[in-house]
Amino acid sequence: MSIEPKKKKINLSVEIAGIQFQNPVLTASGTFGYGMEYTDFIDLNLLGGIVVKGLSIKPSHGNSPPRMVETASGMLNAIGLQNIGVEVFINEKLPLLKKFNANIIVNFFGDTQDEYVLAAERLNDITEIAALEMNISCPNVEKGGMTFGTEPKITEELVRKVRKVTSSPLIVKLSPNVTDIVVMAKAAVNGGADALSIINTLLGMAIDIKTRCPMLANVTGGLSGPAIKPVALRMVWQVAKAVDIPIIGIGGIMNAQDALEFIIAGATAVQVGTANFIDPSISVKIIEGIKNYCQKDKIGDIKDLIGTLRS
Amino acid sequence: MSIEPKKKKINLSVEIAGIQFQNPVLTASGTFGYGMEYTDFIDLNLLGGIVVKGLSIKPSHGNSPPRMVETASGMLNAIGLQNIGVEVFINEKLPLLKKFNANIIVNFFGDTQDEYVLAAERLNDITEIAALEMNISCPNVEKGGMTFGTEPKITEELVRKVRKVTSSPLIVKLSPNVTDIVVMAKAAVNGGADALSIINTLLGMAIDIKTRCPMLANVTGGLSGPAIKPVALRMVWQVAKAVDIPIIGIGGIMNAQDALEFIIAGATAVQVGTANFIDPSISVKIIEGIKNYCQKDKIGDIKDLIGTLRS
Amino acid sequence: MFVTIVENNEISAGYFRLAIHSPELAENTKPGQFIMMKVGDNYDPLLRRPMGIHKISNKDNNPCVELLYQVVGKGTSMMSKMKKGQQVDVLGPFGNGFAIPQNIKIAVFVAGGVGIAPLAMLAEKMVKDATDLKTYLFIGGKSKNDVLCLDDFEKLNTKICIATENGSLGNQGLVTNSVSKFIDQKANGQASFFACGPYQMLKAVSELTAKKNIPCQVSLDRRMACGFGACLGCVVKVTQGNHGSYKNVCTDGPVFDANEICW
Amino acid sequence: MFVTIVENNEISAGYFRLAIHSPELAENTKPGQFIMMKVGDNYDPLLRRPMGIHKISNKDNNPCVELLYQVVGKGTSMMSKMKKGQQVDVLGPFGNGFAIPQNIKIAVFVAGGVGIAPLAMLAEKMVKDATDLKTYLFIGGKSKNDVLCLDDFEKLNTKICIATENGSLGNQGLVTNSVSKFIDQKANGQASFFACGPYQMLKAVSELTAKKNIPCQVSLDRRMACGFGACLGCVVKVTQGNHGSYKNVCTDGPVFDANEICW
Ligand SMILES: Cc1cc2nc3c(=O)[nH]c(=O)nc-3n(C[C@H](O)[C@H](O)[C@H](O)COP(=O)(O)OP(=O)(O)OC[C@H]3O[C@@H](n4cnc5c(N)ncnc54)[C@H](O)[C@@H]3O)c2cc1C
Ligand SMILES: Cc1cc2nc3c(=O)[nH]c(=O)nc-3n(C[C@H](O)[C@H](O)[C@H](O)COP(=O)(O)OP(=O)(O)OC[C@H]3O[C@@H](n4cnc5c(N)ncnc54)[C@H](O)[C@@H]3O)c2cc1C
Ligand SMILES: Cc1cc2nc3c(=O)[nH]c(=O)nc-3n(C[C@H](O)[C@H](O)[C@H](O)COP(=O)(O)O)c2cc1C
Ligand SMILES: Cc1cc2nc3c(=O)[nH]c(=O)nc-3n(C[C@H](O)[C@H](O)[C@H](O)COP(=O)(O)O)c2cc1C
Ligand code: FES
Ligand code: FES
């Protein structure tokens with residue numbers, strides 16, 4: 001894109017939980033399908049990583065429609081974690097995905113603690129899978145629907161159980177719907193997390209005043225997109241100050257500037273979510289934009305930018 | 001606005017904590033100054049109520065600038081509760097405000113529990129003040145900065161202390177930065193709240209990637225505007241199902257449709273905040289819009305719409 | 001991809017026809033497919049808008065695709081203000097499109113309001129490709145203002161039956177009343193139905209055709225975040241597969257066999 | 001209030017002059033006041049943009065106010081695409097404006113980049129109203145492209161001193177270097193300074209004038225949510241009052257006595 005004559009080589013690679021990423025831009029779970037949905041639009045080889053749609057040990061149909069609605073600079077979704085299940089993923093999707101340079105990260109969840117453990121066990125020790133990302137923003141069936149990710153004790157216990165059954169790098173993805181994200185982050189660290197993904201969606205709702213019905217069949221859904229960026233950034237910053245493991249920043253990242261804000265706040269890498277729907281090639285543009293920023297600001301290694309907020 | 005020949009009279013009045021409001025549209029604290037800032041733009045007599053800028057027993061200078069920044073469909077503010085103090089308000093602002101038909105509601109706060117009590121005592125029993133709104137989203141100096149409104153026990157205790165010293169109707173304004181808004185709402189009810197205002201701002205942050213400094217001198221600030229509406233609406237709906245006292249819905253209300261969503265979700269009234277900055281006459285337009293909706297949907301009394309979500 | 005607007009005219013109150021110059025789309029689009037259009041440069045509105053392709057045409061020797069849209073909200077209202085010469089960002093074509101049965105003898109189109117949009121392109125192609133095809137159009141709307149594209153079908157010698165809710169054009173009532181009579185009296189196994197319009201209309205047509213085992217394809221409307229199978233936000237419940245199974249309207253549809261849908 | 005755009009032209013790369021038809025604003029605006037402009041119809045961008053009034057003029061016998069703006073971000077970039085004839089929603093005039101001292105003999109204007117905007121209107125009015133006024137303009141920018149409105153000041157017989165950072169016009173360096181020399185050599189108690197531009201420039205001018213006790217008014221830029229005193233988002237720390245006191249830039253300013261500000 002740039003027409004400058006001599007460009008210094010910039011090192012964009014980062015390390016998270018012992019895995020090398022060629023650059024710090026990943027695609028977020030649930031917004032990138034199983035990867036192959038995007039091959040018409042971008043070269044998956046260019047990505048730092050691909051986090052696939054959240055998988056459970058058994059396939060799941062997900063929620064009744066309507067499942068999504070647009071909001072101001074955001075969207076609500078209540079997909080209900082529809083997925084093909086761990087087994088089908090391994091047999092049908094992974095063989096296609098593994099051909100690319102990008103690290104494959106498998107996002108997974110369960111309705112019960114046992115289901116988390118079963119999924120993690122099945123996904124353990126598959127060389128094509130670079131890391132597991134544990135989604136703890138799921139309704140806890142055993143606890144009447146409160147999510148696993150809002151009670152520090154349960155979070156710690158669950159992470160520990162999963163930690164025991166897998167030798168893969170374990171990333172825990174936190175829910176933002178909590179009073180104190182730092183407490184939750186520390187619980188995940190204590191349970192054995194290697195890295196943290198921050199944040200999942202904020203719980204929201206919309207109503208059709210003509211019919212007086214909720215816009216989502218599920219009534220509430222997860223808010224994502226640029227609307228939530230300020231909240232996500234704040235949480236990444238808070239946690240980065242408090243824990244020693246790497247953080248992957250997520251929430252409303254639409255361009256390189258947004259991604260850089262997260263890195264400056266303390267994220268080692270970022271995930272691009274909702275933006276993929278609007279521009280399916282955005283992740284590659286973000287990598288390019290980060291490179292240009294480093295070039296301009298004379299940053300030879302992206303790692304030198306992480307957590308450099310001046311305040 | 002409408003050209004229909006015969007309009008049935010629609011009853012827009014609502015009652016909260018024994019106070020009658022001529023309509024359910026109030027202006028939110030901190031976004032409407034002390035009221036007089038808006039007299040060039042609208043007739044204050046038309047409003048249901050005016051909630052003035054949060055007052056403390058002593059005047060406060062507020063935070064260093066920069067104090068605000070725009071975000072996607074929202075804004076962050078870190079005004080730091082700059083205010084003229086209860087005494088000056090009573091002597092200089094209230095005499096001007098009391099001439100209008102709108103109910104005057106005084107929002108107040110403290111850095112310590114004692115300061116809350118002192119402010120409430122001083123504001124007690126002033127006939128021109130229709131109700132007190134207690135802002136519990138303030139840093140709790142005694143507890144190292146965690147806000148009063150994120151710990152249910154402290155909330156209940158604080159509300160109870162304030163309740164004891166005032167016979168004015170007491171509205172408690174909740175912070176959305178909590179895991180479970182229903183728990184906080186119940187704490188306020190147990191403490192003796194007559195009504196609840198839901199929600200205050202979400203905690204957020206923004207960074208200038210050129211300087212690598214936070215956009216706000218205070219680093220973090222409160223997110224308001226349309227971006228937060230889905231979260232606010234969800235919280236109003238959750239609380240409306242769980243408590244028996246009236247709720248005032250707040251968060252990203254920009255037009256009559258937004259206001260109606262809150263009423264359908266269970267709010268008895270609404271407060272308009274950030275929207276006042278963009279269109280200082282918006283509150284009156286919202287009242288008009290609610291009237292038109294009722295006319296069209298043959299709702300003779302706005303009270304018949306409250307909490308009528310079909311799900 | 002960025003394409004240039006060649007035309008954007010109001011053809012009936014609240015309905016616009018927008019032509020964009022795009023050899024790629026003109027060449028690759030099948031009837032029933034759609035594009036995703038970004039409206040405005042900012043984050044509000046955030047998502048692209050799905051818009052069916054209405055026609056493929058040539059304007060000043062430029063291969064174009066045309067949209068026919070109704071202004072219903074924020075995005076379509078912004079679309080209506082777009083000007084000739086302006087660039088607009090679209091993705092597509094997406095979706096399966098209609099399946100055109102081999103050796104079809106009778107094609108019946110059922111349109112509600114702006115649902116006529118994809119059917120115009122479908123009818124034109126079917127008539128062009130077939131040798132001996134009889135076509136019928138049942139078209140309905142609130143008032144005559146909502147009944148569009150009659151001239152396109154007249155050109156194809158289609159038999160047209162119009163219904164409006166207020167009776168300002170054609171029969172008064174729902175278009176499905178006319179369809180019902182037609183099916184009872186005339187339709188038989190040789191006919192194939194193609195319907196696009198409001199959900200309730202599609203459901204009614206589906207029931208009417210199902211009773212007589214007449215094949216019927218419906219094009220569904222769903223709110224969409226992506227349009228290409230990544231978000232799973234657009235699903236519809238289908239009869240096929242195990243209980244509670246869903247299909248993507250954007251990639252498995254938007255056109256479905258009517259009896260595939262759990263109405 | 002909705003007003004009509006009469007003109008919106010790029011006068012130098014990245015700088016535009018926008019004229020709006022408005023008898024109310026033309027009649028009631030003092031130099032140094034500003035308006036708040038809504039850009040776009042949606043929630044992104046959400047807030048109005050503050051814009052100083054640059055001139056009052058007549059276009060085709062219509063009383064107009066003119067803005068002079070630089071494209072720096074989302075809102076100003078959208079402004080640059082606004083077309084003649086388009087309606088735009090503005091509030092104002094807001095702010096105090098410059099205080100014009102009685103019997104002033106020497107007026108010195110110091111402008112950085114687009115900071116020239118309000119000074120052009122101020123200078124014109126001062127020259128018109130005064131009988132025997134000498135005027136000086138110190139104007140700076142990154143390059144000659146950023147040095148605007150020279151002709152307006154030439155018309156007023158103003159002595160003009162230009163500085164550009166890259167030396168492409170006038171002296172090379174910061175405009176405050178020239179101001180410093182001028183103050184050392186020529187300025188005395190009869191002069192009054194009026195400055196608008198980047199914060200660092202205003203601070204420097206303020207220090208230079210303070211040393212010689214020369215009155216200096218500065219017009220400040222702050223991010224604003226409302227523009228009319230309701231949000232307290234725009235404050236600046238002032239020396240007056242007790243420790244840590246703030247004033248609103250929108251209502252107490254944007255123009256302040258330089259020594260009132262805690263720089
Ligand atoms: C495959 C497909 C093809 C379509 N073809 C056409 C066409 O040819 N002509 C035409 O006029 N309309 C068509 N529609 C409907 C069109 O997409 C909506 O009218 C449009 O998205 C409304 O956007 P808005 O911003 O004006 O409305 P708003 O109500 O402000 O939109 C809010 C959100 O809801 C979505 N939405 C609202 N109504 C619909 C709807 N009926 N279908 C899908 N999403 C909706 C919007 O995309 C947006 O995400 C089609 C829809 C689909 C799914
Ligand atoms: C009283 C006053 C008068 C002004 N007069 C002029 C003028 O005559 N000509 C001109 O070109 N500019 C003027 N400005 C600056 C102008 O308001 C900003 O350049 C403009 O708001 C930038 O908007 P944006 O969306 O393009 O930038 P963005 O950076 O995308 O804006 C983001 C946010 O920051 C605010 N912002 C960004 N820069 C400034 C700034 N320098 N001052 C205040 N707010 C800012 C925006 O209003 C918006 O809220 C004036 C500012 C003030 C306070
Ligand atoms: C349609 C949709 C589906 C999602 N599905 C998942 C999921 O399966 N697992 C998960 O951990 N997060 C899921 N998310 C959350 C995203 O991964 C991401 O955390 C969130 O959307 C915030 O990022 P964004 O604002 O960039 O979209 C989903 C988000 C969306 C919008
Ligand atoms: C600039 C600003 C100042 C505010 N000050 C106060 C305050 O003093 N007390 C309070 O309880 N809430 C305060 N709020 C919160 C609002 O009253 C309201 O709860 C919040 O902004 C959400 O509503 P909105 O999205 O309509 O703005 C303030 C909000 C803004 C934007
Ligand atoms: S619209 Fe995203 S999967 Fe269909
Ligand atoms: S901009 Fe709101 S008080 Fe100044």
Side-chain angles (χ1 to χ4, degrees), chain A residues 27-41 52-54 59-84 206 215-217 221-229 252 254-255 258 273-281, chain C residues 1-2 24 28 35-50 72-76 78 89-94 199-200 220-238 240-253 261-263:
Chain A
T27 54
S29 178
T31 67
F32 213 70
Y34 302 106
M36 303 309 290
E37 290 82 351
Y38 282 81
T39 51
D40 280 355
F41 305 107
V52 299
K53 176 72 191 158
S60 163
H61 290 309
N63 289 331
S64 299
R67 287 180 173 186
M68 60 103 3
V69 61
E70 191 185 54
T71 66
S73 295
M75 63 175 275
L76 288 166
N77 89 78
I79 307 303
L81 298 165
Q82 173 181 340
N83 78 94
I84 57 177
M215 294 291 275
L216 301 173
L223 182 65
S224 65
I228 70 167
K229 193 189 78 173
M254 301 297 286
N255 52 40
D258 295 334
T274 302
N276 293 305
F277 301 150
I278 296 133
D279 179 354
S281 65
Chain C
M1 87 186 127
F2 281 88
E24 297 89 336
N28 299 321
I35 57 172
M36 293 291 284
M37 181 181 276
K38 178 81 182 102
V39 184
D41 299 325
N42 301 310
Y43 301 145
D44 178 39
L46 182 68
L47 302 171
R48 288 172 185 268
R49 292 333 194 218
V72 297
K74 192 186 285 203
T76 45
M78 288 170 74
D89 178 7
V90 300
L91 294 176
F94 291 139
Y199 187 82
Q200 287 309 326
L220 298 183
D221 255 27
R222 280 292 154 121
R223 292 197 297 264
M224 293 181 170
C226 69
F228 49 84
C231 73
L232 307 182
C234 65
V235 298
V236 61
K237 202 170 199 168
V238 291
Q240 171 235 42
N242 41 9
H243 172 74
S245 194
Y246 297 108
K247 282 198 170 183
N248 288 349
V249 170
C250 66
T251 47
D252 300 317
I261 305 297
C262 283
W263 292 101

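Per chain, numbering begins at 1; letters A, B, ... match sequence-line order.
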Closest-packed option against chain C by number of heavy-atom pairs under 4.5 Å, given A/Gly33, A/Gly30, A/Pro65, A/Gly35: A/Pro65
Most chain C-contacting option - heavy-atom pairs closer than 4.5 Å, from A/Ser64, A/Ala78, A/Ala227: A/Ser64
OG on C/Ser245 to CD on A/Gln82, rounded to 0.5 Å: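 Reported to 0.5 Å precision, the distance equals 8.0 Å.
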Inter-residue atom distance C/Cys226.SG - A/Glu37.CD, 0.5 Å rounding: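 One finds 8.5 Å between SG of C/Cys226 and CD of A/Glu37.
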Structural part of A/Phe41 lying under 4.5 Å from a heavy atom of chain C: side chain
Under 4.5 Å from any heavy atom of chain C - which part of A/Ser281: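 Neither part, no heavy atoms under 4.5 Å.
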Evaluation steps, side chain to side chain contact (heavy atoms under 4.5 Å, CB included), between C/Arg49 and A/Glu70: CA-CA 11 Å; C/Arg49 292 333 194 218; A/Glu70 191 185 54; 2.8 Å; yes
Between C/Asp44, C/Val236, C/Val235, the one whose heavy-atom pairs under 4.5 Å with chain A are most numerous: C/Val235
Minimum heavy-atom separation for [X] to [Y], with atom names?
{"X": "C/Arg223", "Y": "A/Pro66", "answer": "NH2-CB, 3.4 Å"}
{"X": "C/Leu232", "Y": "A/Lys53", "answer": "CD1-CE, 4.2 Å"}
{"X": "A/Arg67", "Y": "C/Tyr246", "answer": "NH2-CD1, 3.2 Å"}
{"X": "A/Met68", "Y": "C/Gly233", "answer": "CG-O, 3.7 Å"}
{"X": "C/Phe228", "Y": "A/Asn276", "answer": "CZ-O, 3.7 Å"}
{"X": "A/Phe277", "Y": "C/Ala225", "answer": "CB-O, 3.5 Å"}

Under 4.5 Å from a heavy atom of chain A, the part of C/Met224 involved: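 The backbone, not the side chain.
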For C/Leu46, the option from A/Pro226, A/Ser224, A/Ser73 that meets side chain to side chain contact (heavy atoms under 4.5 Å, CB included): A/Pro226
Residue pair C/Cys231 / A/Asn77, side-chain heavy-atom distance below 4.5 Å: no
